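On a predicted model such as this, the values are computed, not experimentally measured, just so you know.
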Amino acid sequence: MSLKTRLFRKKDDSTVSVQINNSIQSDNPSVKAIIELNQHISKLLSSDSYIAKSEYLKFIEARKDAVSYFKQLNIDNILKNFCSKNHITTELVLETIDKLDNLKTLTSEHNKNFIKEKLISEKTYLDNILKEIDPNIMLDEDQRKVVLTDEDYCLVIAGAGAGKTTTVAAKVKYLVEKKNIKPEEILVVSFTNKAVGELKERIQKQLGIDCPITTFHSTGNAILHKENDDKLNIVQNEKLYFVLEDYFRDTVLQNQKLLDDLIQFFATYFDEPITAKDKNELFNKLSSANFSTMKSEVGEINYDLEIKNSRRKEYVTIQNEVLRSYEEVQIANFLYLNNIEYEYEPRYKYNIEGSNKPYTPDFLIHQNGKEAYIEHFGITQSGCSNRYNKEELEKYKKAVHDKVDLHKQHDTTLLYTFSSFIDGRPLLAHLKDQLEKAGFTLQPRDNKDVMRKITNQDGSRYIRKLINLVDRFISNFKTNGYSVEQFEEWKIKSNNERTKLFLGICKECYLEYERYLQKNNAIDFSDMINKSAKLLKESKAVSDQIDFKYIIVDEYQDISRQRFDLVGALHDVTSAKIIAVGDDWQSIYAFSGSDITLFTQFEKIMGYAEQLKITNTYRNSQEVIDIAGNFIQKNTAQIRKELKSPKTIKDPVIIYTYDSKTKKFGGNANYNLAKAVETAIGQIIEFTNKEEKDPKKQEILLLGRFGFDGKNLERSGLFEFKEFGSKVKSLKYPSLKITFMTAHASKGLGYDNVIVINGKNETYGFPSKIENDPVLNFVVKRDDFIEAAEERRLFYVAMTRTKNRVYFIAPESNPSEFLLEIKNDYKNVILKGKWNEETSEALNYKKICPMCGYPLQKKVKNAFGLRLWICMNDPEVCDFMTNEIAAGKLSIQKCDKCDGYLIAKPNGDRTDYFLGCTNFKTNKTGCNNTISKIDYYKMNNLTLEPAPKKVIPKGYTPQNNN
């Protein structure tokens, strides 16, 4: 008999084989084991039920030695002789081994046939399974397969709008009515009270099945009460922030080691060094960087110093001390903490020969009549930098040598540092050596005084940012179920000084928070889950009280490690089957602890699992899900699926653009955006009327990437926004039902039409370009398989909330890269308006240097007596500065006729600019030196761009617009 024949023999053949061998008597345990295995497998394969792996796994595991024994005997005539001696046929042994070797295939084939038969025999039951909820509900084939499948671990992947809640309700009813499972033996757990409420409405209220349906936190709470029935003192998530705030304000002053670490962290490592893989990323980071110093943060700069703006003849006050780089801030903070007075970028007494601009060293320091200059060079000591090309680097090195020679020539003391040194020692160690060698005395400030000044500053960025960072770190630390020992393990493994310092600070903060909880006999939401999972593992008295046969996890794509561990602990003590239901395409909560790999690698983590997909969607049209589905699947780490819809629509995605630069006369910065939203609403009304529907009954959802997107809409004057209730009123269409929420908040919801109002390509755009502090990588599961992976999933969520069309509102100058992508990929994505097709990140910044493309920084500069825009590139590469951005490449110069400066001034009709001296006087007694734009461009070998056209708003007259 062939192997194939033996594997797929008819059920009655297997039964005969078992009956024949049932009568065999043998004292050999291996013989008994092989007979038992044959009988058990034959019984399973002939059963009228779904075969879960657990039904044979333990049975086979207990008899694996016997199987191994017989496989070793299967050589020549040894097996035949053994079988003859023990009154057993070699055919039965070989048949059993073959079945074991191919059991996965056999059971899979059996289960497929079982479901195929049940889809027919149980058709009437499945047709009517939810009729008492809604006569129109009819489960599709995918949903019916989920109901019938009964593997130990099932991953149900339900697409957006595919009827996930309906499927869960049907599954519960089937378990109770067909599998005779008691309602109390089925646990349904989800993430939010809202999701739990929907499930309770369907299952408990409408179906009348009183199975426990709860959140993870409530599940943990219930388990803890099985050990102690006392009411728990539960603290809200916000409490951690306030405990940290009190700690830094008061208690920290009593811990000298922590105090010293905090001041070192604030002064040296507060902002992580800017690293970038390319210039576009560098521009993005520079544009949002905050290079303010500790001296300015604690209020020790001279706020009374007034400087004169020569052009406007007015005086302005220095507002802050903002430097150009992270390393310069480190130097300034080191000088401040060691009581060495400094000035930032003062004008040097002498000029570099051939330069048409004043030389302003980075720092001038003073102490007891002694002074010196400090220059920080943003290249390595060996002369390397990945920020500059070869030509720029040579220019940089020449500038370094010229400055060193200038100081030697005029006998002024120059100390200088590099971004890194050959000996590997840090920048500040080298600076310390040079200061002491030059005769400066380091007199460290009292750290307690410095800390008091920092904590006394209202809204101090040091305290505010650190508390927010520590708060998020500890929250995710607990969400991952880590113990306090983990801090030290990470510190040992890390070679980064900033990381080590932060972990030490964070550990002390964690211990303080735990002390607070213990002192107040309190527990937080993370503890409910972590402690309940631990209790299940350690207390038999508690675990014996729990008896579930099925655990259904809703919204499984949001699962975190601690929640996964709780489900695992429940499974370990009950052997319950686990049904995980969700959609990895909608996994958008990594920032709060979710781990998408627990979904995408479900089968690998569990050891085995059945993966099922619900691919029919009843919310979106086929056109919308084709665009959204292909967009999300560019991330090949996402699980592949093809969604299907019976609905079809023309022009599924419409993009309206607006002018984000020109303000409408009488309007404000948000007016043009709001006007585009208003236009999209008008389009919705037009489509609705064509379909002979009442627009007043249609629900419109306005989606923002951030909560303040709704407030910005209100500031236009065209809309009213009620933050509580999220209702929006259009002044033009006041009778319409309009709601605003963030894309995150909208998950799980469906509206007739959706308008995504943030289609910008900027830091707070969509995708958001806000980056996590690197230390959060310890506690936040990064998804780096594709750039902006989580933002891509969030964009998918936003697109799939609509029952009809989705509208996007985007600026003409810097539209979202996601919108550029879908417009390029799909002909049925309609663009209403125009936009800039360029995708360069440099377009994202309203204020960029016209010479090198780096961001411009707005400053009040004492050395020039002007409000200036200064290039954030290193001055050795680009020293562009201007008092008027509209003047293009006209950069401030030294006046070669007097001691003034040539600054940008408008010509007579205010359509263009020239350079004019700051010492110009209307009575012609001052300096009349000027350089026209044409001459300036020729002198500097620049290409002359066309002069801008002057735009005069309609109705403008000098009389009514003074």
Tell me whether [X] contacts the main-chain N or O of [Y] through its side chain, where contact means a donor paired with an acceptor under 3.5 Å.
X      : Y      : answer
Asn480 : Tyr482 : no
Ser494 : Lys491 : no
Asn233 : Asn520 : yes
Glu790 : Ala590 : yes
Arg387 : Ile379 : no
Glu512 : Leu244 : no
Lys859 : Leu868 : no
Asn777 : Arg782 : no

Pairing residues for [X] by the ring-ring contact (aromatic ring centres under 6.0 Å, His included) criterion, not counting sequence neighbours:
X      : value
Tyr510 : Phe477, Phe487
Phe216 : Phe191
Phe248 : none
Phe440 : none

Side-chain heavy atoms of [X] within contact of [Y], under 4.5 Å:
X      : Y      : result
Thr441 : Asn368 : no
Asp527 : Leu517 : yes
Glu791 : Arg705 : yes
Thr268 : Asn333 : no
Asn476 : Leu776 : no
Asn758 : Tyr764 : no
Thr380 : Phe418 : no
Ser419 : Ser385 : no

Looking only at heavy atoms, which two atoms of [X] and [Y] are closest? And how far apart?
X      : Y      : result
Asn530 : Gly481 : OD1-CA, 3.8 Å
Ile340 : His366 : CG2-O, 4.0 Å
Ile588 : Asp558 : N-OD1, 4.2 Å
Cys506 : Ile474 : SG-CG1, 3.9 Å
Phe502 : Leu466 : CE1-CD1, 4.3 Å

Mutual orientation of the aromatic rings belonging to His744 and Phe591 [parallel < 30°, tilted 30-60°, perpendicular > 60°]: perpendicular
Set of side chain to side chain contact (heavy atoms under 4.5 Å, CB included) partners for [X], sequence neighbours left out:
X      : value
Thr417 : Ile331, His376, Phe421, Leu427, Leu431, Gln434
Ala789 : Asn635, Asp783, Ile786, Arg793
Asp595 : Thr597, Leu598, Lys781
Ala533 : Leu566, Ala569

From CA spacing to verdict: side-chain contact (heavy atoms from CB on, under 4.5 Å), Thr763, Ser768: CA-CA 6 Å; Thr763 302; Ser768 163; over 6 Å; no
Output yes when [X] and [Y] qualify as a salt bridge under the 4.0 Å nitrogen-oxygen rule, no when they do not.
X      : Y      : result
Glu497 : Lys500 : no
Asp524 : Lys239 : no
Asp433 : Arg425 : yes
Glu508 : Lys257 : no
Asp773 : Arg472 : no

Restricting to salt bridge (charged side-chain N to carboxylate O under 4.0 Å, His left out), what partner residues turn up for [X], sequence neighbours left out?
X      : value
Lys507 : Glu488
Lys711 : Glu714, Glu723
Asp449 : Arg452

Validation row, ring centre Phe334 to ring centre Tyr336 under 6.0 Å: no
side-chain hydrogen bond (donor to acceptor under 3.5 Å, both in side chains) between Asn447 and Asp260, intermediate numbers included: CA-CA 7 Å; Asn447 281 344; Asp260 294 342; 2.8 Å; yes
From Ile848, Asn883, Ile885, residue fulfilling side chain to side chain contact (heavy atoms under 4.5 Å, CB included) relative to Trp869: Ile885
Heavy atoms from other residues, nucleotides or ligands near CZ of Phe265 exceed 12 (cutoff 6.0 Å): yes
Residue Lys194 excluded, over 12 heavy atoms near NZ under 6.0 Å: yes
Derivation and outcome, side-chain hydrogen bond (donor to acceptor under 3.5 Å, both in side chains), residues Tyr516 and Asp246: CA-CA 11 Å; Tyr516 168 85; Asp246 290 341; over 6 Å; no
Those residues that, when tested against Asp362, pass side-chain hydrogen bond (donor to acceptor under 3.5 Å, both in side chains) (two or more places apart): none
Step-by-step ring-ring contact (aromatic ring centres under 6.0 Å, His included) determination, Phe363 to Tyr373: CA-CA 6 Å; Phe363 299 95; Tyr373 293 93; over 10 Å; no
Verdict with supporting geometry, Gln330 and Tyr326, side-chain hydrogen bond (donor to acceptor under 3.5 Å, both in side chains): CA-CA 6 Å; Gln330 282 189 314; Tyr326 162 80; 3.3 Å; yes
